[in-house]
Amino acid sequence: MEGSLRQSKSKATADESSSLKASDTVPLPVYLTNAFFFTVFFSVVYFLLLRWREKIRNSTPLHVVSLSDIAAMATFVGSFIYLVGFFGIGFVQSIIIPEDDEDEFERLMVKEDSEKLPCAAAPKSDDLKIAKKIEVTADDEEIIKSVVEGKIPSYALESKLGDCHRAAAIRREALQRITGKSLEGLPLEGLDYESILGQCCEMPVGYVQIPVGIAGPLLLDECEYSVPMATTEGCLVASTNRGCKAIYASGGATSSLYRDAMTRAPVVRFGSAKRAAELKLFLEDPLNFETLSLVFNSSSRFGRLQSIKCAVAGKNLYIRFSCSTGDAMGMNMVSKGVQNTLDFLSNQFPDMDVMGISGNYCSDKKPAAVNWIEGRGKSVVCEAVIQGDIVNKVLKTDVASLVELNMLKNLTGSAVAGALGGFNAHASNIVSAIYIATGQDPAQNIESSHCITMMEAVNDGKDLHVSVTMPCIEVGTVGGGTQLASQSACLNLLGVKGANKEAPGSNARLLATIVAGSVLAGELSLMSAIAAGQLVKSHMKYNRSNKDVANIKS
């Protein structure tokens, strides 16, 4: 006990000493002290120069010094040491360097922070203030104050510092001071901030932890997959895992990818509706497709134009381009091709006014009938025949109950609700969990979760045929968040990491079928739980914590 007290006191002393500044030992204000030593320094130099000139004129040896000479030289050394110290340098630089924000920022950045300690992800003791003080150096303190005062823009820290981790730590501390709210518990360490720069997240202050569970093995197309799912919802992984077990015991599931095309739909305007209709006819004329394809495809090695579909709304024309995108999800790829095509069309139709590269006829990250009907990204259908005894033993229900519930809930109930692509039990649960784990765009869960679940009794009513049809699975294995370490590891677990050089696009297509197969397992298990009356009971058992958090922490 006594040793721990001594250790705490020594830590507090060290912390206090680390927070002291050189100026704290001087009773006068810093600017007065600087002015005093500056005056003394040049006065002593002037005095010594006069003395040496007098000795030279009188032929007196320079090494012969008087008491006043000794005092002057001692004063010279002392004032010189002060001026080259930290505050001395700052005082001199304030004269020779312009006092604009950019130059001030550069002055603060030049010195490397070799003494900076790693920031604590989540301090587990009561010494949070001590931990915060230890991680902030003198140089960082000046930058933090400048950010708080608005002299330095927070978004410019990475480009100016050249150290993404340090920038995140400084931004985090500045945010805490501005808001007066603590970010304790939000991890800072453990993330490669260089890898997210310019493509994943701007102005980071840490990262959020989401548990990753494994469902499987999923037996799909005669291959086994362990499916990573990032979620905070209890029972989700367990339920999907039970569906995988039922599928595996019944011989596995099969999938078919019947369409692969990402879309982008700009909106253009003309002076009359007639001109808009003329462009529509031009674009949809098969004789013009080859020329348009050459223009579109010139922007990418993998982007290949597949079709163009147009919709007229008065003087406005919405042009929906569809193209293959290799192993990338492809939004940027198709956008570049669209821009090339619009530039080409502007020569053919000089009165065309491009209003926007996206006119929502795509349609991205919004529920839309055009996606449900035409598809977007990868369109997949996945099916399995679950044996009757497996339905009874593993899923704890029967075939007839599942078929009836699916008709009443997923089909009729969704129709009553006016659902758009939502003819399923919880496809979005599985899609979101896999998307987050594998670095996909979570917002595209909206259209990617379009799914219709079908259940039918087969083999004289003994077995269950179950299928999911998903026309808009938007996934990629390169670009975006897929290159982050955690997400890359999950893709590697599935065997779809990066681009497939031998068969471009095959990794992304395989990932889409795995998503559909996992949704099939999730639908099968949840529907069985509802049919057997197990839903509430299982969630009360597994999704509600009755643990004493205080005891866990202690």
Side-chain angles (χ1 to χ4, degrees), residues 257-270 272-300 302-326 328-349 351-381 420-421 444 446-448 450 452 469-475 505 508-509 512:
L257 190 146
Y258 58 92
R259 185 167 45 211
D260 182 5
M262 181 50 65
T263 64
R264 174 61 82 198
V267 54
V268 299
R269 174 180 291 178
F270 289 90
S272 66
K274 180 179 179 181
R275 287 290 287 164
E278 288 176 358
L279 178 55
K280 171 181 168 64
L281 296 174
F282 176 85
L283 291 171
E284 294 181 347
D285 188 343
L287 298 178
N288 298 323
F289 185 78
E290 183 176 355
T291 301
L292 295 171
S293 296
L294 291 175
V295 175
F296 185 98
N297 299 342
S298 63
S299 62
S300 172
F302 303 105
R304 293 295 177 265
L305 183 64
Q306 294 183 0
S307 65
I308 300 176
K309 184 179 180 66
C310 300
V312 176
K315 300 185 295 182
N316 307 305
L317 181 67
Y318 297 82
I319 313 169
R320 195 171 192 259
F321 293 83
S322 300
C323 82
S324 59
T325 57
M329 184 270 289
M331 287 297 298
N332 292 333
M333 191 182 301
V334 67
S335 294
K336 288 190 292 184
V338 167
Q339 187 62 58
N340 282 355
T341 307
L342 290 176
D343 293 340
F344 171 79
L345 291 174
S346 64
N347 295 324
Q348 306 294 322
F349 294 83
D351 55 336
M352 179 183 73
D353 186 9
V354 179
M355 304 305 296
I357 190 71
S358 175
N360 273 8
Y361 186 45
C362 311
S363 172
D364 185 40
K365 302 174 184 175
K366 293 165 284 290
V370 67
N371 289 339
W372 178 238
I373 297 170
E374 298 290 338
R376 189 171 195 257
K378 277 70 175 170
S379 299
V380 182
V381 59
L420 179 59
Q444 290 186 321
I446 294 175
E447 63 266 39
S448 294
H450 282 348
I452 183 168
T469 305
M470 305 180 68
C472 311
I473 301 179
E474 300 166 343
V475 293
R509 288 191 289 270

- Task: Look at the aromatic rings of Phe282 and Phe349 and report parallel, tilted or perpendicular, splitting at 30° and 60°.
- Result: perpendicular
- Rounded to the nearest 0.5 angstrom, the CG-CG distance for Leu292 and Leu345 is 6.0 Å
- Task: Can you establish whether the number of heavy atoms outside Arg269 located under 6.0 Å from its atom CZ is more than 12?
- Result: no
- Let me see the working for Lys365 and Glu474 under side chain to side chain contact (heavy atoms under 4.5 Å, CB included), right down to the final yes or no. CA-CA 10 Å; Lys365 302 174 184 175; Glu474 300 166 343; 5.9 Å; no
- Message: Just checking Asn332: does its CG atom have more than 12 heavy atoms from other residues, nucleotides or ligands closer to it than 6.0 angstrom?
- Response: no
- Item | Gap between atom NE2 of His450 and atom CG of Leu420 - 0.5 Å precision | 5.0 Å
- Is there a side-chain contact between Thr469 and Tyr258 (heavy atoms, below 4.5 Å)? yes
- Start with the C-alpha distance between Val295 and Leu305, add both sets of side-chain angles, then the distance that settles side chain to side chain contact (heavy atoms under 4.5 Å, CB included), and finish with yes or no. CA-CA 9 Å; Val295 175; Leu305 183 64; over 6 Å; no
- Taking all atoms of both residues into account, what is the closest heavy-atom pair of Ala265 and Cys362, and its distance? N-SG, 3.1 Å
- Query: How close do Ala508 and Val475 get, heavy atom to heavy atom, and via which atoms?
  - Reply: O-CG2, 3.6 Å
- Passing candidate, side chain to side chain contact (heavy atoms under 4.5 Å, CB included) with Phe321, options Pro266, Ser307, Ser335: Pro266
- Gly359 and Val267: which non-hydrogen atoms are nearest, and at how many Å? CA-CG1, 4.0 Å
- For the residue pair Lys309 and Glu374, establish whether any side-chain heavy-atom pair is separated by less than 4.5 Å. yes
- Is there a side chain to side chain contact (heavy atoms under 4.5 Å, CB included) between Phe296 and Val338 once you walk through the steps? CA-CA 6 Å; Phe296 185 98; Val338 167; 3.9 Å; yes
- Minimum heavy-atom distance between Ile473 and Ala512, given as atom pair plus value: CD1-O, 3.5 Å
- Test log, rule side chain to side chain contact (heavy atoms under 4.5 Å, CB included), inputs Val334 and Thr263: CA-CA 7 Å; Val334 67; Thr263 64; over 6 Å; no
- Message: Side chains of Lys336 and Ser300, heavy atoms from C-beta outward: is any pair under 4.5 Å?
- Response: no
- Message: Tell me whether Arg320 contacts the main-chain N or O of Cys310 through its side chain, where contact means a donor paired with an acceptor under 3.5 Å.
- Response: no
- Spacing of OG belonging to Ser324 relative to NZ belonging to Lys378, to within rounding of 0.5 Å: 8.5 Å
- Shortest non-hydrogen pair, Ala277 vs Val312, comes out as CA-CG2, 4.4 Å
- Query: How far does OG of Ser346 sit from CE of Met352, to the nearest 0.5 angstrom?
  - Reply: 5.5 Å
- Taking all atoms of both residues into account, what is the closest heavy-atom pair of Ala276 and Gly314, and its distance? CB-O, 4.0 Å
- Query: Within a reach of under 6.0 Å around NZ of Lys280, are more than 12 heavy atoms found that belong to other residues, nucleotides or ligands?
  - Reply: yes
- Under 3.5 Å, is there a donor-acceptor pair between the side chain of Ser448 and the main chain of Cys472? yes
- Separation between CG of Asp260 and SG of Cys323, rounded to the nearest 0.5 Å: 9.5 Å
- Query: Does Asp364 offer a backbone N or O that forms a donor-acceptor pair with the side chain of Arg264 under 3.5 Å?
  - Reply: no
- Query: Which value, rounded to the nearest 0.5 Å, describes the distance between Leu317 atom CG and Glu278 atom CD?
  - Reply: 11.5 Å
